[in-house]
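I have placed the structure first, in the form of C-alpha cells, so that the comments after it can refer back to it.
No experiment lies behind these values; they were computed from the predicted model shown. Quick note: numbers below take in every heavy atom, side chains included, and nothing from hydrogens, waters or symmetry partners.
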Amino acid sequence: MSRRTAAPGGDLSGVARGSTANLLGAVVVALTTFGLTLVVTHGMAKSAAGVFFSATSVFVLATSIGQLGTNTGLVYFLSRLRSLGNGPGSQRVFQIALRPVLIVGVLLAALLIVIAEPLGRLMVPDHAGEAATYIRVLAALVPVVGLENVALSATRGLGTMRANVMVEQLVRPLLQLAMVAIAVHVADPVIIALGWGLCYVPAAAYAYWYWSHLRPRSSRFAQHVTPREFWTFSGPRALASIGQIAMQRLDIVLVGALSGAPAAAVYTAATRFLVAGQMANRSVSAAVQPRLGAALARDDIAGTNRLYRVATGWLMLLTWPIYLALLVFGEHLLKVFGEGYDAGRTVLVVLSCAMLFATAVGMVDMVLNMAGRTAWNMVNVAVAFTVTFGLDLVLIPRIGILGAAIGWASGIVATNLLAVLQVGLSLKIHPFGRPALLAGVLAVTCYGGLALVPRLILGDSVVAAAWGLALASCAYAVGIWLLRRPLQLNAFAAMRRGGKGGRAGKGGKGPHGDTGVQAGEGVNGAEHPGKV
C-alpha cells in the first residue's frame, strides 16, 4: 500500500474542532453525572442509593454485552474505507451491525427479567426485592440502547460528532438528572427506574433520525463489507468491550454483594469524581479515532505517531489537573455527598494514581483497534479483567472498598501497559513526546505543588483547598498560554479561522454544518476509550 501524507495542520485542526465540541458536551456530562449522584445520595438512604447504583451497573453491563463491539467496528470500516476512496454502502454496514444487536438485546432483556429475583439476592442480599424491581424495569430498555449505540457509532464513522454530542452529552444526561430529581421524592423503585431509564427512548429516536438524515451523503459508496469481515473485526472487540465495562461496573456489584449496599453507595460516589476525567478523555478520543483509522489505512506511520503524541499531550493537559486535585483534596470534595461518604478517600487516591498512568500513555487501546489488532486488545482486556476480578474477590471481603479500588487500578495499569508495549514493538508508535512531557510537568507543578501552598499557611481545611485550587488554576492557565506553541495548541487558532491553510482539501464545516470530525479528511487521524 502506498504511503500518503496530509498537510500537517489538517489533522490537528480537525481534531481540535471535534475535541472542542466533545469537550463542551463532556463538561455537561460530568456536571450532570455528578449532579445525579448528589441527588441520589442526598435524596435516598445510603442503602437505597447502593441498590440503585448496583442495579444501574448491571444494566450498563448488559447493554455493553448487547452492543457486540459494533461501536468500534462501524467507525473502523467507515473511516478507513472512506479515506481510501472506496468504501461500503453505509446502509449495508449499518444493517450488518444493527440486526444482531437488536436480537441479542431482546434476548438479554428477557433473560434479565427471568433472573431478576436471584440476581437481586446475589447483588444485595438485604434488599433483593428492590434490586429485582429495578432490573425488571430497566431490562426492557436494553435493545433501545443497542439501537442508539449503533446509530451514533455510524454517524461518527461518517465523520460527524454532532449527533453524539447532542444525544450522549447533552439531551440524555440532562433528562436523566431532571427525571431522577423528581422521582426520588416518590421513593418508589419503579418510578425511579422509569425516570432514569426511559430517557434512552428519545435519545435512540433522535440518533436513528439523524443517521437516516445523514445516510444519503454516503450513497456513492459501491463496494461492500461482508458480514464475515465485519464480525471478524468486531467480535474480539465485543469481548473486549464487555471486559472493559465489567472492570468499571462489576466492582460496584461485588462491593454491594460482599460488603453491603451502603458500601456500594460510598464506592460509587467516590468513583463519580473520575467521570470528569473520563469525559475529557472521550472528548479528545472520539475526535481522534476516525483520523487514526484513516492514517493507519494509508500506512502513514509518521503521521499516526505525530497525531498520537500531540493528542496524548492534550489529553494530559485536560485530565491531569483533575486527578492531581483528587489526590490532594479528595477528602474535602467527598463531603459534598453527605455524612460518611468521605470514607471513600482512599479509593480516590488509588484510582487517581492509576488514571495518571493511563492518560500518560494516551488512547493506546484505540491505536490497537484502529490498526486492526482487536484480538490483541481482547487479550489485554481479558488479562486486566482477570487481575481486577481476582483481586476484588480476595480483597473486598478483607478491606472493603479499598480492595475494589486496588483491583480496578491494577486492571487499568495492566491493560494500558500491555497495549503500549504492543504498539511500540509492532507498529513503532508511542505516545511519549514533548507535548506529553510539558503537559505533565506543568500539571504537577501547579496542582501538585502550588496548590499545597495555602494548606501550609491556613492548615488542612476546605478554605485552604479552595484557595489552593484557585491559585493552581490561575498558574495553569498562564502556563498553557506560554507553552501554547510546543503543545500544538495553535490548531485551535486554525479552527477559529475556519481551518484556512491548515487542511488538506476544502475548508469549512462538516455534514449539516457540523464542526465535528471529518473522517478521512486530510489527516492522520483518529473512542475510547477503554481507559476506565
Side-chain angles (χ1 to χ4, degrees), residues 64 69 71-73 75-76 80 233-248 274 277-278 280-282 284-293 295-297 301 303-316 319-320 323 351 353-391 407-433 435-436 440 524-532:
S64 177
N71 50 350
T72 301
V75 175
Y76 176 83
R80 286 175 67 91
F233 174 88
S234 300
R237 183 58 199 156
L239 296 176
S241 296
I242 294 169
Q244 287 172 339
I245 200 67
M247 286 170 60
Q248 298 179 49
L274 299 177
Q278 287 178 288
N281 186 348
R282 291 173 184 172
V284 176
S285 299
V288 170
Q289 185 181 22
R291 293 173 181 276
L292 273 177
L296 289 167
I301 300 302
T304 301
N305 244 327
R306 176 173 179 267
L307 178 61
Y308 182 25
R309 292 171 190 173
V310 172
T312 299
W314 291 357
L315 183 59
M316 292 174 65
T319 60
W320 273 40
Y323 299 129
L351 291 176
C353 288
M355 290 309 302
L356 287 171
F357 171 76
T359 49
V361 299
M363 55 287 295
V364 62
D365 54 342
M366 182 195 299
V367 176
L368 275 180
N369 288 329
M370 291 297 99
R373 309 306 206 272
T374 53
W376 294 13
N377 182 245
M378 178 187 69
V379 171
N380 295 346
V381 173
V383 170
F385 176 74
T386 301
V387 170
T388 300
F389 188 66
L391 289 175
W408 188 11
S410 299
I412 291 171
V413 172
T415 189
N416 284 283
L417 183 59
L418 287 172
V420 78
L421 290 174
Q422 288 164 344
V423 300
L425 294 174
S426 66
L427 301 175
K428 308 304 178 187
I429 294 172
H430 67 82
F432 311 114
N524 308 316
E527 187 179 313
H528 131 344
K531 288 296 167 197
V532 285

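Between L351 and A409 the shortest heavy-atom distance is CD2-N, 3.9 Å. What you find for V387 and S410 is that their closest heavy atoms are CG1-CB, 3.7 Å.
In this structure, the separation between CD1 on I412 and CG on L417 is 13.5 Å, given to the nearest 0.5 Å. For the atom pair T359 OG1 and N416 CG, the distance stands at 9.0 Å (nearest 0.5 Å). To the nearest 0.5 Å, atom OG1 of residue T304 and atom CZ of residue R309 are 10.5 Å apart. For the atom pair CG (N380) and CD (Q422), the distance works out to 4.0 Å, reported to the nearest 0.5 Å.
Applying the side chain to side chain donor-acceptor pair (under 3.5 Å) rule to N369 yields no partners; only residues at least two apart in sequence or on another chain are considered. Every residue meeting the side chain to side chain contact (heavy atoms under 4.5 Å, CB included) condition with T312, not counting sequence neighbours, appears here in chain and number order: Y308, M316, P431, A436. Partners of F432 by side chain to side chain contact (heavy atoms under 4.5 Å, CB included), not counting sequence neighbours, listed by chain and number: V361, V420, H430.
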CA sep, side-chain torsions, deciding dist, call: T72, F233, side-chain contact (heavy atoms from CB on, under 4.5 Å): CA-CA 9 Å; T72 301; F233 174 88; 3.9 Å; yes

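For the pair S426/W376, a side-chain contact is recorded, criterion being any heavy-atom separation below 4.5 Å from C-beta on. Residues M366 and N377 are not in side-chain contact: their nearest non-hydrogen atoms beyond the backbone lie 4.5 Å or more apart. The shortest distance between side-chain heavy atoms of L315 and T319 falls below 4.5 Å.
Proximity of a side-chain donor or acceptor of R373 to a complementary backbone N or O of A371 within less than 3.5 Å is detected. Not one N or O on the side chain of T415 forms a donor-acceptor pair closer than 3.5 Å with the backbone of G411.
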